[in-house]
Amino acid sequence: MITSTRVHNFCAGPCTLPVPVLEEVRDEFLDFDGTGMSIIEASHRAAAYDAVHMEALADFRSLAAIPDDFTVLFIGGGASLQFAQVPMNLLAEGQTAGYLNTGAWGRKALGDAMKVASVYEAWSGADGSFMRMPTTDEIEVRSDARYLHVTTNETIGGIRLPELPAADIPLVSDMSSDFLSRGIDWDVHDLVYGGAQKNLGPAGLAIVVVRRDRLSTHGRNLASYLDYATHDANDSMANTPPMFAIYVMGKVLRWMKAEGGLGEFERRAAERASLVYGAIDGSDGWYTSPVDEASRSHMNIVFRLPDEDLEKRFVAEAGDAGMVNLKGHRSVGGIRASVYNAMPVASVEVLVDFMGSFRAANG
Ligand SMILES: *Cc1c(COP(=O)(O)O)cnc(C)c1O
């Protein structure tokens with residue numbers, strides 16, 4: 001049951017989670033599975049937590065159809081730690097990799113990788129104000145590059161790669177903001193990672209899926225936590241894992257399986273996106289999408305109104321009507337509606353109705 005106090009939360013992250021998951025968490029919060037204690041009070045070595053942890057690993061693997069030659073790691077520190085941990089683990093001394101500078105997150109990944117390895121910018125969207133993704137022939141793929149790093153969905157700019165680049169080198173994808181909302185081609189990847197807090201659960205947790213034969217090839221003297229091999233050898237329990245985040249994500253994954261799996265969530269994502277872009281495109285230019293049509297994100301839908309004053313009022317009046325967190329990122333402005341896996345289509349319909357009535361009143 002959705003209580004009347006719950007809003008339509010269009011936050012870019014952390015974000016709305018499935019109500020049945022939140023209710024389950026609430027119901028078992030004081031006494032998890034007959035243990036007489038909360039899951040956050042339990043030892044991570046206890047049988048009760050072990051079952052939760054191993055089920056989450058297995059459910060992630062089955063939902064994303066991950067082949068046996070990849071390992072799934074749960075690592076604290078969010079996606080941002082991976083900006084450094086990926087090159088530390090995949091690049092030996094002297095090796096290089098290309099990075100797509102597609103916006104705020106691609107740029108951060110590149111910036112941190114540069115601090116630990118000699119990587120290069122394989123394409124920059126700066127000329128086009130980061131309003132589109134590159135085509136394969138625009139990307140500089142050096143023959144000695146070990147991988148090409150891509151951000152499949154730029155959360156702030158509101159653009160996504162409609163298709164992965166057909167590079168002749170393995171891809172490394174940051175899928176933080178479209179994880180398990182679209183299929184993943186494992187054949188072309190060495191590694192896929194993402195923070196949990198957009199599509200999958202609470203913040204503070206990253207899921208890293210890496211080809212097993214890439215482990216321990218870095219030849220570096222890494223601190224044990226920074227070495228993927230440590231996490232792989234211990235089922236991601238080498239140290240105390242972010243237990244609560246994993247527990248909640250496990251429930252989200254179970255919910256996703258029950259709702260129909262990845263294909264169903266890809267379909268819902270396309271449906272939500274087409275509702276909002278349809279409202280933009282059908283407004284005779286009153287609402288405008290600043291991004292290239294082919295690169296339009298299915299997760300973070302950015303749009304503008306005729307002027308900033310109207311945008312402020314749009315955000316305020318939407319808030320009064322129970323729709324929150326619609327203000328665009330400070331670096332981009334305008335409106336941003338983030339519509340991740342757990343966002344009900346019905347909430348998007350409420351937004352689309354509001355867009356229509358707001359335009360009618362102010363257009
Ligand atoms: C949110 C986000 C990150 C950063 O995630 P943290 O868990 O906050 O470190 C990285 N990449 C993308 C694409 C994101 O959307």
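Both counts, for ligands and for their atoms, begin at 1 and track the order of listing. Numbers for residues simply follow the sequence, beginning at 1.
- Using a 4.5 Å cut-off between side-chain heavy atoms of Ile, Leu, Val, Met, Phe, Trp and Tyr, I159 falls into a hydrophobic cluster with L100, W123, M131, M133, I139, V141, L148, V150, L161, L164, I169, L171, V188, V291.
- Applying the ring pair (Phe, Tyr, Trp, His ring centres under 6.0 Å) test to F130 and every residue at least two apart in sequence or in another chain returns nothing.
- Remark: I66 engages F60, R61, A64, F70, V72, W186, V209 in a side-chain contact (heavy atoms from CB on, under 4.5 Å) (not counting sequence neighbours).
- For D281 and Y287, the side-chain atoms include no donor-acceptor pair closer than 3.5 Å.
- If you check the side chains of D227 and H218, you find a donor sitting under 3.5 Å from an acceptor.
- At distances below 3.5 Å, at least one donor-acceptor pair connects side-chain atoms of T230 with backbone N or O atoms of S224.
- The residues lining ligand 1, counting any heavy atom closer than 4.0 Å, are G78, A79, S80, F83, W105, T151, N153, T155, D174, S176, S177, Q197, K198.
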